[in-house]
Amino acid sequence: MTDDFFPEPFKIKMVERIKLKPKKERERLIKEAGYNVFMLKIEDIFIDLLTDSGTSAMSDNQWSGMFKTKQAYAGSDSYYSLEAAMKDVFGFKHFVPVHQGRAAENILFSTIITKGDYVPNNMHFDTTEANITRNGGIPVNLIIEDAYDTAKILLFKGNMDIQKLEKFIEEKTPDKIPLIMVTITNNGGGGQPVSMENIRQISNIAKKHNIPFFIDACRFAENCYFIQQREEGYKNKTIKQIAKELFSYADGCTFSGKKEALVNIGGMLCTNDEKLHTKLKNLLIIIEGFPTYGGMACRDLEAMARGIYEAIDDDYQKYRHAQMKFLADLLRKGGVPIVEPTGGHAVYVDARKFLPHIPIENFAAQALLAQLFIESGVRGAELGCSCFGKTDPKTGKFIPPRLDLLRLTIPRRVYTNNHMKHVANGLIELYKKRKEIKGLKRTYAPKLLGHFTAKFEPIK
Ligand SMILES: *Cc1c(COP(=O)(O)O)cnc(C)c1O
């Protein structure tokens, strides 16, 4: 077996019927949804690649763990399972469970950010950016410049630019920087990994300036798999050993269990700082719940504890990355411009290259997303002008982000490669008739995280 082909290291025990509705109906449905795929109903979608968040298929091992869990307001056995898994795999001293990643972000940022503070990251994800902004902070992306060149092939295209970081700290002063973050893998920029060397360098800089270093660890195991495959010295290490080393360089992490704990809901906020932990815990009790359940049913914590081990399974990661490559290779062969190299949880299409005739302010990725649904009943996600675009507060002018991407996010253990073929066929068909695709005009969007509820109209 090679990296290109690694069969599912599981067999399928339960299935869910899906149905492709007629094209005429799909045209009507997307129009009624204001050309925003978040507004579609799941029964109207054939293959759903909106997100890998909370969409994993859970294992028999996870389900049976949920059944045996004792439900209790305080002191459930599942809390101790999760604590043991966190300490064993992540290795932090303290943690609080939360109902999902953004709750961890909110609790952390509302505790440590003072108005006007800066938070550097390789690249903030949308919820991270919004939670920092809402708490009065200023999120800043310090990723390497090459990350914005979608065709460029680099082994660790999610790395932070170390020189930019040092200059930034010098300029803003450490007092104004309550933490440094790094997102693994980099969801906002193609699901690209960060190297161990880069993590070590960031950690050293953070220590030098006495600034806490936190990892946005949503896809830590996929990132560790890339390190195993690509970075010198890690070939013979397990994903677990690599994860343990990686986290040892950080002071804490935010984690959405909806990704790599293979659960439908859950998250964690970890720290080595006991004083900070006490503050986080007290806020948790006010806004999430008691620390031994953190906003979830106790059974969810058990599923998360077991899922963490399933995510660091070397065979599982091999299969996952091989499926990602399978979809990417089909698209490459069909001429579709994708972000290179293949990401860890999704294949990203460069919508500006796909649709160069659409003006930047007419939401090329969003328009392509709507067309993909009409063409093949496939739902993807937009990580571009709708998600990351800003409005200049003075002039009211639209400020586009540097990338306009359509993300085809593969849920974990859910779809087969035949599904991936259907996805690729639809996009390749659209690529052939790309000149006919028109842009969109945005008619509504709230200020923060506007893409979730935005409305669009086709340009005449
Ligand atoms: C999903 C995600 C989050 C937020 O987690 P939720 O569970 O969706 O609230 C934060 N950061 C990154 C990189 C993510 O992918």
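Counting convention: from 1, in listed order, for ligands and their atoms alike.
Of the N or O atoms in Cys218, none lie within a sub-3.5 Å distance of an N or O in ligand 1. Considering backbone and side-chain N/O of Thr185, none are found under 3.5 Å from N/O of ligand 1. In terms of polar-atom proximity, Thr183 is not counted as a contact of ligand 1, lacking any N or O under 3.5 Å from an N or O of the ligand. At under 3.5 Å, not a single nitrogen or oxygen of Lys258, backbone or side chain, sits near a nitrogen or oxygen of ligand 1.
We find that Lys259 and Asp52 are not joined by a salt bridge, their nearest charged nitrogen and carboxylate oxygen being 4.0 Å or further apart. The pair Lys208-Glu166 counts as a salt bridge, with a side-chain nitrogen and a carboxylate oxygen less than 4.0 angstrom apart. Under 4.0 Å is where a charged nitrogen must lie from a carboxylate oxygen, and between Lys13 and Asp60 at least one such pair does. Taking 4.0 Å as the cut-off between side-chain N and carboxylate O, Glu302 and Lys68 count as a salt-bridged pair. Salt-bridge annotation for Lys240 and Asp88: present, with a side-chain N of the basic residue lying under 4.0 Å from a carboxylate O of the acidic one. At a threshold of 4.0 Å, the pair Lys164-Glu145 counts as salt-bridged, since one of the basic side-chain nitrogens sits closer than that to a carboxylate oxygen.
Considering only non-hydrogen atoms, atom 6 (P) of ligand 1 lies nearest to Gln100 out of His345, Gln100, His124.
With respect to atom 8 (O) of ligand 1, the closest heavy atom belonging to the protein is Arg102 NH2, 2.9 Å. Ranking protein heavy atoms by distance to atom 4 (C) of ligand 1, first place goes to Thr127 OG1, 3.3 Å. Protein heavy atom at the shortest distance from atom 11 (N) of ligand 1 is Asp216 OD2, 2.8 Å. In terms of protein heavy-atom proximity, atom 14 (C) of ligand 1 is nearest to Lys259 NZ, 2.9 Å. For atom 7 (O) of ligand 1, the nearest non-hydrogen atom of the protein is Ser256 OG, 2.7 Å.
Using a 3.5 Å distance cut-off with no hydrogens or angles, the side chains of Glu105 and Thr127 do pair a donor with an acceptor. A side-chain donor-acceptor contact under 3.5 Å links Asp126 and His451.
Every atom of ligand 1 with a heavy atom of Glu105 under 4.0 Å away is listed here by number and element: 10 (C), 11 (N). Contact atoms of ligand 1 toward Gly101: 5 (O), 6 (P), 7 (O), 9 (O) (distance under 4.0 Å to a heavy atom of the residue).
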